[in-house]
Amino acid sequence: MARRGCSLALIFIIMWLLIKAKIDECRRGDVTVTPSRVILLGSTVNISCTLKPRQGCLNASRHNKLILYKFDRRINFHHGHSLSSQVTGLPLGTTLFVCKLACINSDEVQICGAEILVGVAPEQPHNVSCIQNGEQGTVACTWDRGRDTHLYTEYTLQLSGPKNLTWQKQCKDHYCDYLDFGINLTPESPESNFTARVTAVNSLGSSSSFPSTFTFLDIVRPLPPWDIRINFQKASVSRCTVYWRDEGLVMLNRLRYRPSNSRLWNVVNVTKAKGRHDLLDLKPFTEYEFQISSKLHLCKGSWSDWSESLRAQTPEEEPTGMLDVWYMKRHIDYSRQQISLFWKNLSISEARGKILHYEVTLQELTRGKAVTQNITGHTSWSIVIPRTGSWTVAVSAANSKGSSLPTHINITNLCGAGLLAPLQVSANSEGKDGIRVTWQPPRKAPSAVQEYVVEWRELHPTGDTQVPLNWLRSAPYNVSALISENVKPYVCYEIHVYALSGYQGGCSSTLGNSKHEAPLSGPHINAITEEKGSVLISWNSIPVQEQMGCLLQYRIYWKERDSNSQPQFCEIPYRVSQNSHPINSLQPQVTYVLWMTALTAAGESSQGNEREICLQGKANWMAFVAPSICIAIIVVGIFSTHYFRQKVFVLLESLRPQWCSREIPDPANSTCTKKYPIMEEKTQLPLDRLLTDWPTPEDPEPLVISEVLPQATPVFRRPHGSNWLQRGKGTQGHQTSERDMMPSASSPPPSRALPAERRQLVDLYKVLESRGPDSKPENPASPWTVLPAGDLRAQDGYLPSNIDDLPAHEVPLSDSLEELEPQHISLSVFPSSSLHPLTFSCGDKLTLDQLKMGCDSLML
């Protein structure tokens, strides 16, 4: 009980505080508005603010400052106990004015405030209409209230009927435009008139609508039909009946229907249908949507709302039209081939039902009988047949009601006739996901073309399934076709264009894509193999999803490792099956870095992986053979000139080692040679070889050499040729000198003689001796002192050793020697043999004029 008393006391205190706050809201003063706080749009008002006694500032009245605010904006102020202000141009709606007091050294204090409502008088309501939904519904009316008054407005609806019946109802809603009387009009007097009127009233004025007169049939709107159903007699689309239910007073119906995938309706008006109607133009195996509405009178009243939709599928019928069939051939071996048939689905209007299967018949024309018949549920079929004979195929589609007409196609070589091949086939992207294929008619037989077939399929299919084949047919006068079906962006397609003429065909192909970008990655090099001085680069293909269109070519780059030079590269036209390529320009024993890229029409990919290689084989022999041949030709050309040959000989002679160039006394300057006669003219010295030390060039005395091997008797030969004998003895014919024939018991056969070089050296000493200080050019020498005119050497004052025979004609000795002096003969740089003993028999003494001492041996 005490708790209940506390609750009541608390409620009382709260109510008192609220009342006190309301009373104290304007305790300091008042705000008055004239002429009214509700004014018409465009009117002027006077606002006054007055302080109550002893509510101003404490000091004096002159310190009272009254300020008038319009919302939060100051519009006027005054010093004193009152403030008056005239306001115009207020907008529609509510405007708040507040009066405040400002004292010195204190905050503003609110005195009082006022709200001014600006609006308009209500317009005349119009378009008043009333309706009763169904025979059992209630009457409800609507109207247009006009523009908003921005003030509180009251609407009153009044309905008058026969027998002075009146119904009235008010609406106090600010936006009221609908009222339901809640009464039902009966069809007892369907032609009786009723009148409806609407009145609007607010503080600025009032207005009433024109009366609206109607009858029962005018305002009663039937309910939508219900329980709609459809019936196909004998499962035939030609016998279709639609049923529904309606209210009893309905005299007119309208029926609309359309295929489910269409936006256009077919509308049928039916009078006195009694809830049924027959439709005759429906298509087989098509889903339709049906709706029905009703009306009580042919001319009066309004249509009911559309009924709920009914969806139904019509029965199947036998297919119409023919299948679009295409095929591919693949040779298996020399006697067999595989035929793959493809066909497109019939359209819904052509299938006229669910296709259950396809019937394929393969026939060999030569035999004229069916070879193979097959039933398949797929849109493709393959068979292996012989490569001989003429074959034809018939394909038809079947549903529950029958089969379509068969499509016949002859199996021919689609690319066998080169004259029918289309020219300049190209493919370019067009639109969002389309490929425009263009071509030129064949030059040889353009008029023979009956139709073109454009075929396309993915170049690199994904997955293990068979690549779907797509094609379209084009008239013979067309030279382009747009591929827009079954085309994906950034996928490369292999496109063929076939020109067909009876049993012949020609084809051309190209690659195309609807969109392309630079490949996302480059080929991956998996192996580098050295083969006969070149390298074979092998790589893995770029994944299909990273190719981003049709690849045009590959690039193989290479450069020396740690080199800053630009890499070299070669371009390889793209082929589907290619995954290797040889490079022949790499040098052996050099380490190279290789990588690859791929290109589309949009650009080049990033580089693939890098691989290093260093050829281990020998250098290319051509790199050495060619320079060697050139050098040999130049050397031969130089040495074919006598002047250059002499210079080279001089150079080689200067390069001879010093130990092989020791000075030897010149026998021509020896006193012994001048004092004693030439012993050769008196004594024939049989000698072969002599073992002795090198003579010292400073020794002027004749060297006496004991005979070591007296049994060896060398044989000396004179120079061959009859002219020597003729000049020496003045006789013709062959004469034998005893110097030519000196037999020896221990010597070899007479035919064996000293070597030519040593024999010529012996003759050379005789020449030198004969050309002493007292010799004269006019004194002819003996035939043994004549020297040939070639290959003489002058090293350290010593004359050459290899002396050939004189020519057939006679030449003065002095002239011959003068011509021989500047020439250089010997190319010997190092000695060819060591010293060997000489076998000779010349008595107890041997003089220097009988010896020739060289680098390799001592010779007589």
Side-chain angles (χ1 to χ4, degrees), residues 322-345 357-398 403-422 425 442 448-473 486 493-511 541 575-579:
M322 301 173 64
L323 291 170
D324 185 359
V325 182
W326 190 238
Y327 68 96
M328 291 177 57
K329 292 176 59 176
R330 185 175 65 87
H331 292 170
I332 299 177
D333 50 35
Y334 67 94
S335 61
R336 297 181 304 161
Q337 61 182 346
Q338 180 180 356
I339 305 299
S340 298
L341 296 172
F342 304 89
W343 53 86
K344 297 180 180 180
N345 291 320
H357 59 265
Y358 297 93
E359 299 173 357
V360 183
T361 303
L362 179 66
Q363 184 177 9
E364 207 279 321
L365 296 178
T366 304
R367 300 178 183 178
K369 63 178 182 179
V371 176
T372 303
Q373 288 185 343
N374 186 70
I375 295 177
T376 178
H378 304 286
T379 56
S380 62
W381 182 70
S382 297
I383 189 173
V384 177
I385 61 175
R387 294 179 61 179
T388 59
S390 299
W391 300 84
T392 183
V393 178
V395 185
S396 60
S403 300
S404 66
L405 295 176
T407 299
H408 295 273
I409 187 168
N410 298 317
I411 305 300
T412 62
N413 188 356
L414 294 175
C415 299
L419 298 179
L420 288 175
V425 177
V449 178
Q450 296 177 349
E451 70 170 343
Y452 291 104
V453 176
V454 180
E455 171 192 293
W456 70 97
R457 59 179 172 176
E458 292 185 23
L459 184 62
H460 303 285
T462 55
D464 299 331
T465 59
Q466 186 178 5
V467 182
L469 188 67
N470 306 280
W471 71 93
L472 59 84
R473 300 180 184 271
N486 301 323
Y493 290 90
E494 184 181 8
I495 302 172
H496 288 82
V497 179
Y498 299 93
L500 304 182
S501 176
Y503 289 89
Q504 294 182 332
C507 71
S508 297
S509 64
T510 187
L511 299 178
S541 300
R575 293 195 298 269
V576 176
S577 60
Q578 184 179 16
N579 61 354

Spacing of [atom1] belonging to [X] relative to [atom2] belonging to [Y], to within rounding of 0.5 Å:
{"X": "T388", "Y": "E364", "atom1": "OG1", "atom2": "CD", "result": "7.5 Å"}
{"X": "W391", "Y": "I339", "atom1": "CH2", "atom2": "CD1", "result": "9.5 Å"}
{"X": "M328", "Y": "L341", "atom1": "CE", "atom2": "CG", "result": "11.5 Å"}
{"X": "N579", "Y": "S541", "atom1": "CG", "atom2": "OG", "result": "6.5 Å"}
{"X": "I383", "Y": "L362", "atom1": "CD1", "atom2": "CG", "result": "5.0 Å"}
{"X": "K344", "Y": "L469", "atom1": "NZ", "atom2": "CG", "result": "9.5 Å"}

Applying side chain to side chain contact (heavy atoms under 4.5 Å, CB included) to Q504 and not counting sequence neighbours gives A417, L420
Any donor-acceptor N/O pair, [X] side chain to [Y] backbone, under 3.5 Å:
{"X": "S501", "Y": "A448", "answer": "yes"}
{"X": "S340", "Y": "Y327", "answer": "no"}
{"X": "E359", "Y": "Q373", "answer": "no"}
{"X": "T407", "Y": "L323", "answer": "yes"}
{"X": "R387", "Y": "I332", "answer": "no"}

Measure across [X] and [Y] and return the closest heavy-atom pair with its distance rounded to 0.1 Å.
{"X": "S508", "Y": "P422", "value": "OG-O, 2.5 Å"}
{"X": "K329", "Y": "T412", "value": "CD-O, 3.2 Å"}
{"X": "S403", "Y": "A398", "value": "OG-CB, 3.4 Å"}

The ring pair (Phe, Tyr, Trp, His ring centres under 6.0 Å) partners of W343 (sequence neighbours excluded) come to Y358
By side chain to side chain donor-acceptor pair (under 3.5 Å) - contacts of [X] (at least two apart):
{"X": "T379", "value": "none"}
{"X": "W326", "value": "E455"}
{"X": "H378", "value": "none"}

Are [X] and [Y] side-chain neighbours, meaning at least one heavy-atom pair lies under 4.5 Å?
{"X": "I411", "Y": "V393", "result": "yes"}
{"X": "L414", "Y": "L500", "result": "yes"}
{"X": "S509", "Y": "H496", "result": "yes"}
{"X": "W471", "Y": "F342", "result": "yes"}

query: For S396 and S404, does a side-chain donor sit closer than 3.5 Å to a side-chain acceptor?
result: no
side-chain hydrogen bond (donor to acceptor under 3.5 Å, both in side chains) assessment of Q338 paired with R330 = CA-CA 5 Å; Q338 180 180 356; R330 185 175 65 87; 2.5 Å; yes
Sorted by chain and residue number, the salt bridge (charged side-chain N to carboxylate O under 4.0 Å, His left out) partners of R473 (sequence neighbours excluded) come out as D324, E451
